[in-house]
2 protein chains.
Amino acid sequence: MSCTETLREQGYRMTPQRRMILSAIHGSDHHISAEEIYEQIHVKYPQVNISTVYRTLELLKELGLVTETDLGGGKFCYHSVEKGHHHHLICRKCGRIFELDEAVLKPVEGTILRKYGFRPDLSHLAVFGNCVECRK
Amino acid sequence: MSCTETLREQGYRMTPQRRMILSAIHGSDHHISAEEIYEQIHVKYPQVNISTVYRTLELLKELGLVTETDLGGGKFCYHSVEKGHHHHLICRKCGRIFELDEAVLKPVEGTILRKYGFRPDLSHLAVFGNCVECRK
DNA sequence: AGGCTTATTGCAACTAGTTGCAATAAGCCT
DNA sequence: AGGCTTATTGCAACTAGTTGCAATAAGCCT
Ligand SMILES: [Mn+2]
Ligand SMILES: [Mn+2]
Ligand SMILES: [Zn+2]
Ligand SMILES: [Zn+2]
């Protein structure tokens, strides 16, 4: 199902602003911040307000179309859920970011569900620590 | 080793402000926010600035005396590391917070270290999801 | 195509947290 | 105890993100 269909299905409307925000997210091959999305749109359409960007990201998160992660730089980063399930390992010393396969945390999901009856959302985690290089 | 000793050992100084902030954290049996710490001090000593609270919390984190967690309310929460190692399960629907035993994530720590050479800091995580009640 | 309902937007004012800088005060050394 | 070095503070100005409200516009219904 397309993003537009998902929106419409839940009673939300597709607006030019939302189209531009989605296109910025889908067009970015890395994570993108709210500020970066805003700047990209602002060049062509300066009347678009940054609060619309934040509100739209909030909505896209809720609809499960976009994931939000705190990668430690003081800003949240976003990407399309279509880009696959993975987590991030972030080095506290050098700041480099590595991908962590979803499978590594899968067993824990079951353990938490059985032990606490709690279904954790382990779909896009940021895990801080120290990388190979920085541990030497 | 006491908090004062840890500070001194690293060349930091013990000030009345730091004493008050530490005492607020140690005195609280739950998690406490920066704003709450500030309010508590402000009643008696209105000249103390909130930037000092934020800066001190930053330092105490770095020294490993205090843990910081985003429990989802838009504010960070703090508590003394002395209060034991645990993680939090936070329900996205009802907002209730449950404790998750550290042991549950221990095996993952080893897996990540072996597979990626990355030493993750899994000492105080916030895991979002849905609780028993809200899954019914 | 035009009218109507109501979701969405831009705006302005706000909140949590950060940062540079000059004034202050820990605490070392005599 | 008093002087000196430099870590720390208060202050003011800033950044990322949020929120209430009136104006606007999606898209349904005729
Ligand atoms: Mn990612
Ligand atoms: Mn805790
Ligand atoms: Zn590193
Ligand atoms: Zn719940």
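Note that these values count all heavy atoms, side chains included, but never hydrogens, waters or copies made by symmetry. Here the structure is a predicted model, which is why all the values come from computation and not from measurement. Naming convention: chains lettered A, B, ... in sequence-line order (proteins, then strands); numbering from 1 in each chain.
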Whichever of I50(A) and Q17(B) has its nearest DNA chain D nucleotide further upstream toward 5': Q17(B)
Find the distance L7(A):CG to dT8(C):C1' and express it as a whole number of Å. 12 Å
Could you check V48(A) against G11(A) and say which one's nearest nucleotide on DNA chain C is further toward the 5' end? G11(A)
Interatomic distance, F76(A) CZ vs dT15(D) C1' [rounded to whole Å]: 14 Å
Under 3.5 Å on both distances, the Watson-Crick or G-U partner of dT8(C): dA23(D)
State plainly whether the residues E5(A) and R8(A) are in salt-bridge range, i.e. N to O under 4.0 Å. no
Walking DNA chain C from its 5' end, the first of N49(B) and R19(B) to be reached, judged by nearest nucleotide, is N49(B)
Using a heavy-atom cut-off of under 4.0 Å over every strand shown, decide if T15(B) touches base, sugar-phosphate, or nothing. sugar-phosphate
Side-chain N or O of R8(A) less than 4.0 angstrom from OP1 or OP2 on dA7(C)? no
Ignoring backbone atoms, establish whether Y54(A) has a side-chain N or O less than 4.0 Å from OP1 or OP2 of dG17(D). yes
Test side-chain hydrogen bond (donor to acceptor under 3.5 Å, both in side chains) applied to H124(A) and H85(A), H79(A), E68(A), the passing residue: H79(A)
So, OP1 or OP2 of dG10(C): does either fall under 4.0 Å of a side-chain N or O from S51(A)? no
According to the interplanar angle, ranging from 0 to 90°, do the rings of H86(B) and H31(B) count as parallel (below 30°), tilted (30 to 60°) or perpendicular (above 60°)? perpendicular
Kindly determine whether R55(B) and S51(B) satisfy side chain to side chain donor-acceptor pair (under 3.5 Å), including the steps that lead there. CA-CA 6 Å; R55(B) 269 190 290 231; S51(B) 69; 3.3 Å; yes
Does the side chain of R55(B) get closer than 4.0 angstrom to OP1 or OP2 of dA7(D) through an N or O atom? no
Can you see if the side chain of Q10(B) gets near the phosphate of dA7(D) - specifically, an N or O under 4.0 Å from OP1 or OP2? no
Any side-chain N or O of R18(A) below 4.0 angstrom from OP1/OP2 of dT9(C)? yes
